[in-house]
*Asks:* 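To start, I am sharing the structure in question, which I have written as structure tokens.
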Amino acid sequence: MTTPTAPLTQDELKTLVGQAALHYVVPGEIVGVGTGSTVNKFIDALATMKDQIKGAVSSSVASTARLKALGITVFDANDVQSLSVYIDGADEIDGQGYMVKGGGAALTREKIVAALAKQFVCIADESKLVAALGNFPLPVEVIPMAAGQIARKFEAMGGTATLRMKDGQPLVTDNGQHILDVRGLQITEPLAFESQVNQWPGVVTVGVFAHQKAHVCLLGCADGVRTITY
């Protein structure tokens, strides 16, 4: 009689997809690296082939520190014209490869690095796959003096925006700005929604990644890694 195998934990699923993402790294080139707990697993895996790549462009102070600690050279985004691939996680991803990102507060730099890349590979566990975006509170990085009026604009859409706090103070991003988390939205047209919110004065970055959507998603599932191509 065989003993039933225990299901993989979320942490184990993150490790699996982090390792699977190595397949998309182009030897001899610079790789775009995102931010977050799943990406940390990818960075650890990337260290096993660090001698085969030139280095990385990082989307956050935290990822830069982790990459450097593992001996991987980190390039400034301004010194790179393009990247073959950007590898990052998501808070939500739908059936078209559109995502909500920013739970880790690095959405602006993530979008900047994603825009440099020819291919976006999303790594996530299956809990992040959704039919429609909006259940996860939408992060929006804002200039602090505009937070109130931007919150009112989301309220007019039916959403509720709250200022993200840390240790009793407004969280300050790597760029020195604040973040609104917006609940209660149903984002049925991500491209149009991203374009609309981008026009509002004081919005630095909205956490909908539709113009910088995923081309591939490596999804950690109970039976291993499922690859979805968009």
*Asks:* Could you give me the CA-CA distance, side-chain angles and deciding distance for R109 and T205, then say whether side-chain hydrogen bond (donor to acceptor under 3.5 Å, both in side chains) is met?
*Replies:* CA-CA 9 Å; R109 296 190 186 192; T205 302; over 6 Å; no
*Asks:* With rounding to the nearest 0.5 angstrom, report the NZ to CG distance, K41 to L13.
*Replies:*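 Interatomic distance, K41 NZ to L13 CG, rounded to 0.5 Å: 11.0 Å.
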*Asks:* Using the rule that Ile, Leu, Val, Met, Phe, Trp and Tyr join whenever any side-chain heavy atoms are under 4.5 Å apart, tell me whether I228 and V216 fall into a single cluster.
*Replies:*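 The answer is no; the residues belong to distinct hydrophobic clusters.
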*Asks:* So, H215 side chain and F120 main chain: donor-acceptor pair closer than 3.5 Å or not?
*Replies:*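 Answer holds: yes.
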*Asks:* Tell me whether D91 contacts the main-chain N or O of G102 through its side chain, where contact means a donor paired with an acceptor under 3.5 Å.
*Replies:*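 Between the backbone of G102 and the side chain of D91 there is a qualifying donor-acceptor contact (under 3.5 Å).
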*Asks:* Judged by atom type as modelled, is there a donor-acceptor pair below 3.5 Å linking the side chain of N198 to the main-chain atoms of E194?
*Replies:*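 Flag set: sc N198 to bb E194 pair under 3.5 Å.
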*Asks:* Quiz question: by atom type and distance under 3.5 Å, do the side chains of E29 and S84 form a donor-acceptor pair?
*Replies:*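 On atom types as modelled, these side chains qualify, holding a pair under 3.5 Å.
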*Asks:* I'd like to know whether D44 forms a side chain to side chain contact (heavy atoms under 4.5 Å, CB included) with L70, so could you lay out the CA-CA distance, the side-chain angles of the two residues, the decisive distance to 0.1 Å, and finally the verdict.
*Replies:* CA-CA 8 Å; D44 295 346; L70 290 167; 3.7 Å; yes
*Asks:* Tell me, with the steps shown, if F42 and T38 meet side chain to side chain contact (heavy atoms under 4.5 Å, CB included).
*Replies:* CA-CA 7 Å; F42 167 66; T38 308; over 6 Å; no
*Asks:* First locate atom CG of L22, then atom CD of Q52, and finally report the distance between them rounded to the nearest 0.5 Å.
*Replies:*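 Separation between the atoms: 9.5 Å.
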*Asks:* Has the side chain of K118 got a donor or acceptor atom that lies under 3.5 Å from a matching backbone atom of S82?
*Replies:*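 Flag not set: sc K118 to bb S82 has no pair under 3.5 Å.
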*Asks:* Report the distance from atom SG of C217 to atom CZ of R226, rounding to the nearest 0.5 Å.
*Replies:*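 So the gap between those two atoms works out to 8.5 Å.
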*Asks:* How long is the gap from OH on Y98 to CD on Q212, to the nearest 0.5 Å?
*Replies:*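 Taking OH in Y98 and CD in Q212, the distance rounds to 12.0 Å.
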*Asks:* Does T15 use its side chain to pair, donor to acceptor, with the backbone of D11 at less than 3.5 Å?
*Replies:*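 Yes: the side chain of T15 pairs with the backbone of D11.
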*Asks:* Looking only at non-hydrogen atoms, find the nearest pair between P139 and D181 and report the distance.
*Replies:*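 For P139 and D181, the tightest heavy-atom pair comes out as CA-OD1, 3.8 Å.
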*Asks:* Hey, are N135 and E92 close enough side-chain-wise for a donor-acceptor pair under 3.5 Å?
*Replies:*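 Absent: no donor and acceptor within the cut-off.
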*Asks:* Apply side chain to side chain contact (heavy atoms under 4.5 Å, CB included) to residues T173 and I179 and explain how you reach the verdict.
*Replies:* CA-CA 8 Å; T173 68; I179 288 183; 3.7 Å; yes
*Asks:* Look at the side chain of S195 and the backbone N and O of L191, then say whether any donor-acceptor pair between them is shorter than 3.5 Å.
*Replies:*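 Confirmed, S195 side chain pairs with L191 backbone.
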*Asks:* For I30 versus K54, what's the shortest heavy-atom pair and its separation?
*Replies:*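 Nearest pair, atom of I30 first, then K54: CG1-CB, 3.7 Å.
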*Asks:* Could you report the tightest heavy-atom contact between I150 and V142, atom names first, then the distance?
*Replies:*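 Answer, listing the atom of I150 first, then V142: CD1-CG1, 3.6 Å.
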*Asks:* To check you understand the geometry: which heavy-atom pair defines the closest contact between L107 and F209, and what is its length?
*Replies:*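 Smallest interatomic distance, heavy atoms only, reads O-CZ, 3.6 Å.
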*Asks:* Indicate the atoms forming the closest heavy-atom contact of V33 with A56, along with that distance.
*Replies:*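 It is CG2-CB, 3.8 Å.
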*Asks:* Measuring from atom CG of L180 to atom NZ of K153, what distance do you get when rounded to the nearest 0.5 angstrom?
*Replies:*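 So the CG of L180 and the NZ of K153 are separated by 13.0 Å.
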*Asks:* Is there a path from L129 to L138 through hydrophobic residues (I, L, V, M, F, W, Y) whose side chains come within less than 4.5 Å of each other?
*Replies:*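 No, no single cluster joins them.
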*Asks:* Same cluster or not: are V113 and V85 linked, directly or through other Ile, Leu, Val, Met, Phe, Trp or Tyr residues, by side-chain heavy atoms under 4.5 angstrom apart?
*Replies:*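 No, V113 does not connect to V85 through the hydrophobic network.
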*Asks:* Roughly how far, to the nearest 0.5 Å, is the CD atom of E155 from the CD atom of Q149?
*Replies:*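 CD of E155 is found 12.5 Å from CD of Q149.
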*Asks:* Is there a side chain to side chain contact (heavy atoms under 4.5 Å, CB included) between Y230 and I93 once you walk through the steps?
*Replies:* CA-CA 11 Å; Y230 302 102; I93 184 165; 3.6 Å; yes
*Asks:* Spell out, as yes or no, whether a donor-acceptor pair under 3.5 Å connects the side chain of D88 to the backbone of I123.
*Replies:*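 No; judged by distance alone, with no hydrogens or angles, the pair does not exist.
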*Asks:* Decide whether V203 and I143 are clustered together by the hydrophobic rule: side chain heavy atoms of Ile, Leu, Val, Met, Phe, Trp, Tyr closer than 4.5 Å, transitively.
*Replies:*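 Result: no, two separate clusters.
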*Asks:* I'd like to know if K101 and E110 make a salt bridge, using a cut-off of under 4.0 Å between side-chain N and carboxylate O.
*Replies:*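 A salt bridge links K101 with E110.
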*Asks:* Would you say the side chain of L67 lies within less than 4.5 Å of the side chain of L46, judging by non-hydrogen atoms?
*Replies:*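 The answer is yes; the side chains approach within 4.5 Å.
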*Asks:* Do the side chain of Q19 and the main chain of L16 share a donor and acceptor less than 3.5 angstrom apart?
*Replies:*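 No; judged by distance alone, with no hydrogens or angles, the pair does not exist.
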*Asks:* More than 12 non-hydrogen atoms from neighbouring residues, nucleotides or ligands closer than 6.0 Å to CD on E12, yes or no?
*Replies:*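 More than 12 heavy atoms, drawn from other residues, nucleotides or ligands, come within 6.0 Å of this atom.
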*Asks:* Do K14 side-chain atoms and S37 backbone N/O form a donor-acceptor pair below 3.5 Å?
*Replies:*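 Side chain of K14 to backbone of S37: no pair is present.
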*Asks:* Let me check something: do Y86 and M99 share a hydrophobic cluster, defined by ILVMFWY side-chain heavy atoms less than 4.5 Å apart, either directly or through other members?
*Replies:*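 In one cluster with Y86: M99, yes.
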*Asks:* Side-chain donor-acceptor pair under 3.5 Å between S58 and S63, yes or no?
*Replies:*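 Short answer, no.
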*Asks:* Short question: side chain of R164, backbone of G103 - any donor-acceptor pair under 3.5 Å?
*Replies:*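 Such a contact is found between R164 side chain and G103 backbone.
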*Asks:* Within a strict 4.5 Å, meaning less than it, do heavy atoms of the E189 and Q196 side chains meet?
*Replies:*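 No, too far: nothing below the 4.5 Å cut-off.
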*Asks:* On a heavy-atom basis, which atom in V57 and which in V80 lie closest, and how many Å separate them?
*Replies:*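 Heavy atoms of V57 and V80 come nearest at CG2-CG2, 3.6 Å.
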